[in-house]
S.K.: 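The structure under discussion is supplied below as structure tokens; questions concerning it will follow.
As the structure lists them, so they are numbered: ligands from 1, and atoms in each ligand from 1. Every heavy atom of this structure was used, including side-chain atoms; hydrogens, water molecules and symmetry mates were not. For reference, positions follow the sequence shown, starting with 1. Predicted, not measured: the structure shown is a model, and the values here were computed from it.
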Amino acid sequence: MNPSDTNDVVGEYADATPADVTRALDAARGAFPAWSHATAQVRADVLGKAAVELLARREEIGELLAREEGKTRAEAVGEVMRAGQIVQFFAGEAVRLTGEKFPPVRAGVDIDVSREPVGVVGIITPWNFPIAIAAWKIAPALAFGNTVVFKPAELTPATAWAFVDILHRAGVPAGALNLLMGRGPVLGPAIIGGVDALSFTGSVATGRDIASRAIARMVKLQLEMGGKNPLVVLNDADLDTAVDCAVKGAFFQTGQRCTASSRLIVTDNIHDRFVGAVQARMTKLNIDHALKPGTDIGPAVDQRQLDTDLRYLGIGRREGARLIGGEVLERDTPGFYLAPALFTDTHNRMQINREEIFGPVASVIRVRDYDEALAVANDTDFGLAAGICTTSLKHARHFQAHSQAGLVMINLPTAGLDYHVAFGGRKASSYGPREQGRYAAEFYTTVKTTYISS
Ligand code: NAD
């Protein structure tokens, strides 16, 4: 269903059963010997072909993505382009995978350390980046010779189907990539019960449940979860840069990003100017149908997410914060429209500053100086992204060294990442090896150490 227009049914998709999971696992197991021993060139060619089609069809698939998820056309086309770049990158990685050769410490004993695929990999993804996240998991899995059972989020089957269709037609052999659409709590346990490794992106609660099941079976695990990402704004920041980082980081893509800036930590002397300027920018944002020209921000993904956003707006008010914006909006088409919401007069112990909301909602936390800002930024259960806006090299470098997040942004929004470098966080945000770039090989391969006596 289209969250910008609930009268628009995007499509009807299958709802898999646990019996389908068994079939998919059997197929993946059966396809593994041939795919894992195919030459790297074969795997590179398949991914390369899929990348070309993804990039060529980015407008069309982007429109589909915008219709089913609610991000704007520009955001959705950008995401499909990113997926194409990721698949292209891992086409190259297939032929760049290396091992190591060590000097012998015993006479006549050579040592090779090589990398091999892990086996059958389960991939479970969220709805908020339905093609980019699928791409940054499936592409390295296939590039390095694994076979895959892929379960996308319930809300975004159309994009997942389009992506898997492209990969199949590009030459991924039967059984090597299996798509299972359906409900997480029904299919998840069955998938975990039969894979060698599992890569998950989603909420902390689901991640915990998956982890307990996976670890009971000794399944190799990678979890990417939520965030409560701080953006520090210091007195010496360039105000326009800071406002731009805050508005883009907090509200674009309807705030439905794990890397969204939800805590704006602002020092005393710039606080009032910053809040005034953010408020002025908020009034200019156009919240409307994702595919309408001129829309800056689309709707919440569904009624449940909108209800969550509104529940937290109530919590924040009850906690004594002052709310700017946050009205439910009516547009020409029925959808889940919410004006961006900014809480001021908040402190870091409030519930609104501890828990991920996952909507266009941010809080301003006023602090004395840089030292307090850094302490507040790190005082969170999460550790995905953290940003700072400052013209002080000293503070920027200190923040880089002392932030307890996996991603640090200096004079940039906390959201907005490149495809060729490590992605992931710390604390409750992430578990296991990093994703993306050449770091992906850590999860999607396993190391073999061979001793050779000649
Ligand atoms: P979610 O946890 O509800 O669902 C994610 C996926 O897990 C879906 O495919 C769902 O069907 C499946 N699932 C649900 N219950 C399951 C179970 N018991 N066993 C196995 N699978 C199950 O998350 P969501 O609402 O789709 O996505 C939003 C969350 O994702 C936010 O917390 C956001 O921060 C996080 N996220 C994190 C990153 C990151 O890289 N750190 C990126 C994007 C989104």
S.K.: Can the positive tip of K137 be found less than 6.0 Å from the middle of the six-membered ring of F150, inside 45° of the ring normal?
M.R.: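 Judged by the rule (NZ or CZ under 6.0 Å from the ring centre, within 45° of its axis), K137 is not positioned above F150.
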S.K.: Over 60° means perpendicular and under 30° means parallel, so tell me whether F90 and F144 are parallel, tilted or perpendicular.
M.R.: perpendicular
S.K.: Where does ligand 1 get N/O contacts under 3.5 Å from the protein, atom by atom?
M.R.:
unit_1   : atom_1 : unit_2 : atom_2 : d
ligand 1 : 2 (O)  : S203   : N      : 2.9
ligand 1 : 2 (O)  : S203   : OG     : 2.7
ligand 1 : 2 (O)  : T206   : OG1    : 2.7
ligand 1 : 9 (O)  : T125   : O      : 2.7
ligand 1 : 9 (O)  : K151   : NZ     : 3.2
ligand 1 : 11 (O) : K151   : NZ     : 2.9
ligand 1 : 11 (O) : E154   : OE1    : 2.7
ligand 1 : 11 (O) : E154   : OE2    : 3.2
ligand 1 : 11 (O) : G184   : N      : 3.4
ligand 1 : 18 (N) : D209   : OD2    : 3.1
ligand 1 : 23 (O) : S203   : N      : 3.4
ligand 1 : 25 (O) : W127   : NE1    : 3.0
ligand 1 : 26 (O) : W127   : NE1    : 3.3
ligand 1 : 30 (O) : G202   : O      : 3.3
ligand 1 : 32 (O) : E356   : OE1    : 2.6
ligand 1 : 34 (O) : E356   : OE1    : 3.4
ligand 1 : 34 (O) : E356   : OE2    : 2.6
ligand 1 : 41 (N) : M225   : N      : 3.4
ligand 1 : 41 (N) : M225   : O      : 2.7

S.K.: Who passes side chain to side chain contact (heavy atoms under 4.5 Å, CB included) against T17, sequence neighbours left out?
M.R.: A19, D20
S.K.: I'd like to check the side chain to side chain contact (heavy atoms under 4.5 Å, CB included) partners of A170; sequence neighbours left out, ordered by chain and number.
M.R.: V46, K49, A50
S.K.: Checking R438 now: which residues fulfil side chain to side chain contact (heavy atoms under 4.5 Å, CB included) with it, not counting sequence neighbours?
M.R.: E93
S.K.: Do H398 and Y370 have ring centroids that are under 6.0 Å from one another?
M.R.: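 Centroid distance Y370-H398: below 6.0 Å, so yes.
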